[in-house]
> 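Have a look at this one before I ask anything.
Counting convention: from 1, in listed order, for ligands and their atoms alike. Computed from heavy atoms alone, side chains included, the values below leave out hydrogens, waters and symmetry copies.
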Amino acid sequence: MSPESTLAAATTTPADWTPKSWKSRPIAQAPEYADGAALEAASEKLGALPPLVTSWEIERLRSQLADAAVGKRFVLQAGDCAETFGECTPAYITNKLKILLQMSLLLTDGLKRPIVRIGRIAGQYAKPRSSPMETINGKTLLSYYGDLINGPKFNETERAPDPQRLLLAYYHSAMALNFVRALVDGGFADLHHPEYWDLNFLDKAGMTPELRAAYLTRVNNIGNAIEVMEIIAGQPVDKVCSVDFYTSHEGLSLPYESALTRKVPRRSGYYNLGCHLPWIGERTRQLDGAHIEFFRGIRNPVGVKIGPKTTAQDLLGIADTIDPAREPGRLVLICRFGQGKPKTVLPPLIEAMRNAKRQPVWICDPMHGNTVSTSTGKKTRHVDAIQSELIDTIEVHESLQSILGGIHLELTAENVTECLGGASGLKENDLDIAYQSLCDPRLNYEQAMETAFLLARRMEA
Ligand code: PEP
Ligand code: CO
């Protein structure tokens, strides 16, 4: 296909699509609002508010994702399973940005590629649930679907979907993003310097002397490289290079997503201006469903979560619908298969895409296929299972000469105890110490840094 025809195809909005055409399709994971008129009023108000991101940022991300698909960049997409309005605080946002930046430096050093940093941040407020209802002591209420939809407390008022929460989600996203932009623009110089990192976990029991030494060497490399760069430039590193940072969330609430989807002057098509990279969850990617219908018409790059039951036919159907023009950087496949699965599930999917002359961004999400319950019913994940899925995924891509373009993690910079294992050897009994997640268990600071170290080592260029 010539560059001209790619451009022509890429800039066309499907003739039968509008930001609201999803309304005529069956919709999954969409609790009903009691007051339809109030929902309409909130959507209309949201539709009149300023965008959170811009079309040129979205286009820049798309071109960086096109690079990631061919191995010239690597994506680090990470953050909370669910953000909450209560955690929209300076410390929380700063810490999340810090850990993402630190991990991205480790990956740059190992992979020798620029890292595309994408937070699950500033809008990750809506959650699909495996069960629509929750029963406690004989009482049954709607499950908690994330702060954008209802509240976590177990009473009728909180659990009822409230249209005002669409606006609250927008306000909290705007506040978070405003602070993220300020931090990224300046004042973050010390983050580039490993001497400020908390590396106490290197002294923990689970760390062998050999691994510890390898990690310290990497950290020293980064410190030295930055020092040399600052000497040559004669100024601090944050003045020399700016940090790109993008936002992403699951586009679960279509009233919210479509209200933020707009036409932009001097560009064709519609952009979802609520975040740079929205994704479709594993539970809402039915080919004839509302979510696929909505996403096929927006100009943003689109993430699609794919689980272990995905067939080559499913995937080709999704790809043809979301990305008929085979635009570089348009389709991001976030694979979440579970430990032991990549070796059987991934090869036919890679082959199918290759035979269809497609080069998506393949991302490994080693979190969502590895959720297990403890004997006391706590949701957790084993760091070993997460790392094993990641390593298997790298091996499959290598053996098929395909390209792993990125990693997707659920993590927090806080010292939580939600996932098992890691250098500190967290055990089931420890989970109660600091289990804070309202949804899925996240890697804590050390477990996330360890995973980044492992990836940098395994994909060392
Ligand atoms: C998530 O990313 O939090 C999520 C719910 O993922 P998935 O759709 O892959 O289950
Ligand atoms: Co999750």
> Do Glu257 and Asn272 meet the criterion of a side-chain donor-acceptor pair at a distance under 3.5 Å?
yes
> Given the rule in the ring-ring contact (aromatic ring centres under 6.0 Å, His included) test, do His408 and Trp279 qualify, once you have shown the distances and angles that lead to the verdict?
CA-CA 12 Å; His408 180 118; Trp279 78 82; 5.4 Å; yes
> Does ligand 1 have any N/O atom under 3.5 Å from a protein N/O, and what are those pairs and their distances?
from: ligand 1; atom 1: 2 (O); to: Arg120; atom 2: NH1; distance (Å): 2.9
from: ligand 1; atom 1: 2 (O); to: Arg120; atom 2: NH2; distance (Å): 3.3
from: ligand 1; atom 1: 2 (O); to: Lys305; atom 2: NZ; distance (Å): 2.7
from: ligand 1; atom 1: 2 (O); to: His368; atom 2: NE2; distance (Å): 3.2
from: ligand 1; atom 1: 3 (O); to: Arg120; atom 2: NH2; distance (Å): 2.9
from: ligand 1; atom 1: 3 (O); to: Lys127; atom 2: NZ; distance (Å): 2.6
from: ligand 1; atom 1: 3 (O); to: His368; atom 2: NE2; distance (Å): 2.9
from: ligand 1; atom 1: 3 (O); to: Glu410; atom 2: OE2; distance (Å): 3.0
from: ligand 1; atom 1: 6 (O); to: Lys305; atom 2: NZ; distance (Å): 2.9
from: ligand 1; atom 1: 8 (O); to: Glu282; atom 2: N; distance (Å): 2.9
from: ligand 1; atom 1: 9 (O); to: Lys305; atom 2: NZ; distance (Å): 2.9
from: ligand 1; atom 1: 9 (O); to: Arg336; atom 2: NE; distance (Å): 2.6
from: ligand 1; atom 1: 10 (O); to: Arg283; atom 2: NH1; distance (Å): 3.3
from: ligand 1; atom 1: 10 (O); to: Arg336; atom 2: NH2; distance (Å): 2.9

> Which N, O or S atom name in Glu410 marks its closest approach to the Co ion (ligand 2)?
OE2
> Counting only heavy atoms not in Lys357, do more than 12 sit closer than 6.0 Å to its NZ atom?
no
> Give me the ring orientation class for Phe85 and His172: parallel if the planes are under 30° apart, tilted from 30 to 60°, perpendicular past 60°.
parallel
> Counting only heavy atoms not in Lys72 (residues, nucleotides, ligands), do more than 12 fall under 6.0 Å from its NZ?
no
> Establish, from distance only, whether the side-chain atoms of Glu410 and His368 form a donor-acceptor pair under 3.5 Å.
yes
> Find, among atoms of Asp440 that are N, O or S, the one nearest to the Co ion (ligand 2), and state its name.
OD2
> In degrees, rounded to 10 degrees, what angle do His368 atom NE2 and Cys81 atom SG make at the Co ion (ligand 2)?
170°
> Hey, does the side chain of Tyr435 reach the backbone of Lys379 with a donor-acceptor pair shorter than 3.5 angstrom?
yes
